[in-house]
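Labels below follow one simple rule: chain letters A, B, ... track the order of the sequence lines, proteins then strands, and each chain is numbered from 1.
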Amino acid sequence: MLEVTGLAAGYEGNDVVEDVSFHVDPGEAVMIIGSNGAGKTTLFRSVVGLLAPSSGEVRYEGAGITGVPAQRIVRLGISFVPAERRLFPRMTVQENLALGAYPGRPDPGTTELVMDLFPRLAERRRQRAGTMSGGEQQMLAVGRALMADPRLIVLDEPTTGLAPKLAAEAYEALSALRDRGLTVLVAEQQVPLAMAFSDRGYVLENGRIRTQGTSAELADDPDVRRAYLGIT
Amino acid sequence: MIANVLDGIVFGIQLGLWAAGLTLVYGLGGVLNLAHGQIAVISAVALAFGMDAGLPVLPAAGLALLVGGVVGLFLDLTILRPVYRLQGEARVLLSLLLTLGVAFIVDGFLNWRYPGRSLSLFIGGGAIEILGVPMRRGSLLASAITLVAFAALFSFFRFTALGRAVRSVIEDEEGARLVGIDPARMLRLILVLSGVLAALVAVTRSMVVSVDVQAGFGITVLALIVTVVGGLGSVSGALLAGIILGIVNVIAADVIGTFMSLVILLLAAAVTILMRPSGLLGVEE
Ligand SMILES: Nc1ncnc2c1ncn2[C@@H]1O[C@H](COP(=O)(O)OP(=O)(O)O)[C@@H](O)[C@H]1O
Ligand SMILES: [Mg+2]
């Protein structure tokens, strides 16, 4: 579904991710794990069109989408939820969700799905996004991304700033989406949560893929256990 | 006093609409358009020509609005191209320099070709009393048109998907891109809209006072002050600040003298920035 080959990207001519290749098949949940500064955000931004890659290729459903700007990528069926959420703080929950469906009208079925998944959003329809708690904002960011009716949702550290209980709930919501057939690609520092959720994963270190495998394989890898699971 | 306040309101809402275009373009794209007043003047000249050529006033006014929008589009497609390649402060500065250049060229050309030319639309009929003050029909009609334009603007931003899309770019450009909105297209739309609004105020202003070919910079400076006081990117802020400053302006001119009123307005703007850096209704960073 998504195929990234030899991707390099960075800032002001200095690549911070180099020669990264990975793929996501339809219906899969795939994680990219790595510590702070490993390059997860840079990698995702260059995949979803917020940053132009300096080399390499991104293909989606067989078509090249390298360097296509973010506003077009979302129309192709890939929704990105950045770690900073990027909501519209002075607009209501409802307006934020409606914009998720831009330029179309919000689909009633999709709206219902989002409200079922996050009942908090239904209660707070008329509240301004900027006045909500971090957990609620994260729900809204995912909800807004779903309004575009994506086939692939890409999330950058969805647990950023969330208390452990809320972080676990965020992954429960992602599991529910997965069960409905949505393909998920997630970057995470909170490795145990992501590992329990995903089918496969890649370990990103210093801008390069260091290891890859099924989540079970990675959970047994001594290096991964030491570096990311705190087990010696 | 009541007469001053009413005159101030008439002037203030027009000021507010001029500022609305300026503030939207800045809030949306970080572009400071110092040729805003010249767009208004070019539109007024178009109206005058249209009427000289025998057009009735309504089609001629329509022509003026069209010209305003086309000039806005023209700026977007030409001299703002290099501006769009920059970000942040550099973008503001280059836009300021280039549009100032355009303003000088337009002013120079108009002054050379049509020195002393001015537009005034005379709306006949007797005065109408409001709160015991006789108001000219021209002023009242101009105010009514301006308020309708504001109402249309507010409805556009509140109730249409396109209006919401424009607001989303002002609130978070990256967030807007992530839901599929192209900020460049929204900015082009708003430049056209701000040109149309500049033209509309030029037309309605000429029902109150005569608008001469050298009025451009005065309009831009006033609109800038209103923009700063109202808050960058806020249309309701522009209306509120326009009305307040319109009243301040008329009273200052009456009590101290016209020569001082601009200084008083600048002072009011400076005090606002000191007390509320983001303006009356601006977005707090
Ligand atoms: N906007 C930026 N400009 C310059 N360098 C950046 C920028 N964003 C991130 N970096 C650098 O790129 C590297 C990777 O960062 P990032 O992609 O954010 O990693 P992660 O998301 O895994 O924490 C870091 O060294 C970081 O300092
Ligand atoms: Mg990151």
Notebook entry, point to check: Can you find a heavy atom in the side chain of A/Arg45 that is under 4.5 Å from one in the side chain of B/Glu174?
Noted result: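 Yes, close enough: below the 4.5 Å cut-off.
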Does [X] have more than 12 heavy atoms from other residues, nucleotides or ligands lying within 6.0 Å of its [atom1]?
X: A/Asp116; atom1: CG; answer: yes
X: B/Phe74; atom1: CZ; answer: no
X: A/Arg128; atom1: CZ; answer: no
X: B/Arg81; atom1: CZ; answer: yes
X: B/Arg158; atom1: CZ; answer: no

Next item on the list: Answer yes or no: is there a donor N or O on one side and an acceptor on the other, between the side chain of B/Arg164 and the main chain of A/Glu95, under 3.5 Å?
Entry: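 Not confirmed, B/Arg164 side chain does not pair with A/Glu95 backbone.
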Check: Between the side chain of B/Arg177 and the main-chain N/O of A/Gly49, is any donor-acceptor distance below 3.5 Å?
Finding: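 Yes; at least one donor-acceptor contact below 3.5 Å.
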Once rounded to the nearest 0.5 Å, what's the spacing between atom [atom1] of [X] and atom [atom2] of [Y]?
X: A/Arg144; Y: B/Ser168; atom1: CZ; atom2: OG; result: 8.5 Å
X: B/Glu173; Y: A/Arg86; atom1: CD; atom2: CZ; result: 9.5 Å
X: B/Asp172; Y: A/Arg85; atom1: CG; atom2: CZ; result: 13.0 Å
X: A/Tyr102; Y: B/Leu178; atom1: OH; atom2: CG; result: 15.0 Å

Check: Which one, A/Ala148, A/Gly100, A/Pro89, A/Ala101, leads in non-hydrogen pairs under 4.5 Å with chain B?
Finding: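 Result: the option with the highest number of such pairs is A/Pro89.
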Next item on the list: Check whether A/Ile73 gets within reach of chain B through its side chain, its backbone, both or neither, counting any heavy atom under 4.5 Å.
Entry: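 Neither the backbone nor the side chain of A/Ile73 comes within 4.5 Å of chain B.
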